[in-house]
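One structure below.
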Number of protein chains: 2
Amino acid sequence: MADQKCMTCATRTVSNERAIAMLEKAGLRATAPRVILTCLLFCDESHNHITAEELYEQSIEADCRVSLATVYNTLRAFTAAGILRQVNTDCSRVYFDTDPNEHHHFYDEKTGKLINIGENLLKDLKLPPLPDGTELKGVDLLVRISS
Amino acid sequence: MADQKCMTCATRTVSNERAIAMLEKAGLRATAPRVILTCLLFCDESHNHITAEELYEQSIEADCRVSLATVYNTLRAFTAAGILRQVNTDCSRVYFDTDPNEHHHFYDEKTGKLINIGENLLKDLKLPPLPDGTELKGVDLLVRISS
DNA sequence: ATACCTGCAAAGTCTTTGCAATCAA
DNA sequence: TTGATTGCAAAGACTTTGCAGGTAT
């Protein structure tokens with residue numbers, strides 16, 4: 001692929017090279033838009049929650065504009081590939097979490113913000129038997145709060 | 001209010017009178033559309049999961065058509081009044097649960113169906129301290145499965 | 001070479017809203 | 001009477017898709 005000219009990415013912890021490696025490891029083609037979005041999503045190592053629209057705005061601010069449609073498609077592809085996780089709150093909008101590992105959130109209904117819960121509240125959870133012919137895909141726990 | 005002529009409701013377990021009582025208890029005006037929707041939602045005593053569109057279709061089938069906008073508004077009003085509970089899955093659509101008490105669900109990602117989990121899996125759950133200045137609104141647990 | 005990806009604009013889906021008419025209290 | 005509620009159609013928010021051109025492998 002062509003060199004990335006995105007200065008925002010180039011100055012972050014996760015270099016373009018690292019973004020490319022991350023994409024390849026996930027089995028995704030390292031296209032220019034994906035490298036940009038990977039840098040924006042994972043560049044500061046802090047695991048974040050972001051919406052498609054917010055990521056789109058970030059790409060504009062970074063002078064690396066990626067079309068909104070591609071942002072949506074990429075977020076979906078990243079989620080399918082397991083490097084992002086979708087967080088469903090009140091469905092007014094979908095958040096994507098850059099920490100794909102199982103963890104939980106506070107969701108502030110007033111502000112719409114997500115806050116990670118550090119500890120694993122479900123470590124002792126004993127699930128009831130799953131319905132016949134089904135397999136477990138994941139367990140979502142959301143603690144709704146209001147400020 | 002005027003007598004309800006909805007035969008569907010009249011032949012169900014929860015009579016119009018009972019629907020009216022339910023609405024009044026919830027502090028909601030007992031308008032004709034609300035009585036119809038209350039009958040449709042709660043008539044068979046089995047707690048169900050339903051979408052706005054499905055409820056709208058049911059009202060048509062019952063010859064008690066309520067406009068789709070009113071169905072949406074009513075579901076929101078019922079949820080705010082505490083006689084319904086919103087269940088968020090993958091946000092492809094919002095379900096409403098006629099059991100407003102805290103309980104959990106299996107969500108089949110393949111079929112889109114919700115299944116109640118009978119036991120309270122969170123009875124021993126110890127929540128971490130809430131963020132300062134916030135109050136608890138509820139805890140949502142969704143077990144995602146696929147058939 | 002070829003299958004995949006991108007951007008754009010258009011379309012789609014689900015939900016909310018403006019407004020005049022109607023209704024419950 | 002009076003504020004709440006309804007239906008309709010239009011608008012809105014968010015997301016997906018068709019297609020032509022571009023790109024990674």
Side-chain angles (χ1 to χ4, degrees), chain A residues 1-6 16-17 19-38 40 50-57 59-60 64-81 84 86-96 112, chain B residues 1-6 16-17 19-38 40 50-57 59-60 64-81 84 86-96 112:
Chain A
M1 60 168 291
D3 279 357
Q4 293 305 311
K5 296 300 181 189
C6 175
N16 289 351
E17 289 66 36
I20 292 168
M22 190 169 183
L23 288 168
E24 287 175 346
K25 187 177 168 195
L28 295 162
R29 280 196 183 179
T31 65
R34 286 180 179 174
V35 171
I36 292 166
L37 296 179
T38 302
L40 290 172
I50 197 167
T51 65
E53 192 73 33
E54 286 166 355
L55 184 56
Y56 172 66
E57 294 299 335
S59 78
I60 293 174
C64 300
R65 182 180 171 285
V66 175
S67 82
L68 187 54
T70 298
V71 171
Y72 274 106
N73 289 336
T74 302
L75 287 173
R76 218 172 1 151
F78 283 13
T79 302
L84 284 181
Q86 183 171 329
V87 181
N88 304 308
T89 57
D90 57 9
C91 297
S92 58
R93 57 188 159 183
V94 173
Y95 279 99
F96 292 88
Chain B
M1 64 168 290
D3 279 358
Q4 292 305 310
K5 296 301 181 191
C6 174
N16 289 353
E17 289 65 36
I20 292 169
M22 191 169 185
L23 288 168
E24 288 175 347
K25 187 176 169 196
L28 295 163
R29 279 196 184 178
T31 64
R34 285 180 179 173
V35 171
I36 292 165
L37 296 179
T38 302
L40 289 171
I50 196 168
T51 65
E53 193 73 34
E54 287 167 355
L55 184 56
Y56 172 66
E57 294 299 336
S59 78
I60 293 174
C64 301
R65 182 180 171 285
V66 175
S67 82
L68 187 53
T70 297
V71 171
Y72 273 105
N73 290 335
T74 301
L75 288 173
R76 217 171 4 148
F78 283 14
T79 302
L84 283 181
Q86 183 171 329
V87 181
N88 304 308
T89 56
D90 58 9
C91 296
S92 58
R93 56 188 161 183
V94 173
Y95 279 101
F96 292 88

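If you're wondering where the values come from, they're calculated on a predicted model, not measured in any experiment. For the numbers below, each heavy atom of this structure counts, side chains included, while hydrogens, waters and symmetry mates do not. Chain identifiers are assigned alphabetically (A, B, ...) following the order of the sequence lines, protein sequences preceding nucleic acid strands; residue numbering begins at 1 within each chain.
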- Task: For A:Q86 and D:dT16, give me the distance from atom CD to atom C1', rounded to whole Å.
- Result: 14 Å

- Here the distance between atom P of C:dC14 and atom OH of B:Y95, to the nearest Å, is 11 Å

- Which whole-number value in Å describes the distance from B:R29 CZ to C:dA24 C1'? 5 Å

- Query: Tell me: CD of A:E24 to P of D:dA24, nearest whole Å?
  - Reply: 12 Å

- B:L37 CG to D:dT5 C1': how many Å, rounded? 12 Å

- Message: Is there a side-chain contact between B:T31 and the phosphate of D:dT6, meaning an N or O under 4.0 Å from OP1 or OP2?
- Response: yes

- Backbone N/O of A:V66 and side chain of A:S59: donor-acceptor pair under 3.5 Å: yes

- Query: Could you give the CD1-to-C1' distance, from B:I36 to C:dA24, as a whole number of Å?
  - Reply: 15 Å

- Item | Distance below 4.0 Å between B:R34 side-chain N/O and D:dT5 OP1 or OP2 | yes

- Task: Give the angle between the helix axes at the two ends of the helix from C:dA1-D:dT25 to C:dA25-D:dT1, taking five base pairs at each end and rounding to 10°.
- Result: 40°

- Nucleic acid contacts - residues 65-77 of chain B versus DNA chain C, non-hydrogen atoms under 4.0 Å: B:A69, B:Y72, B:N73, B:R76

- Length of the line joining B:D90:CG and D:dC14:P, which is rounded to integer Å: 17 Å

- For A:T51, report the nucleic acid contact type (base, sugar-phosphate, nothing); a contact means any heavy atom under 4.0 Å. nothing

- Atom CD1 of A:I60 and atom C1' of C:dG7 are separated, to the nearest Å, by 13 Å

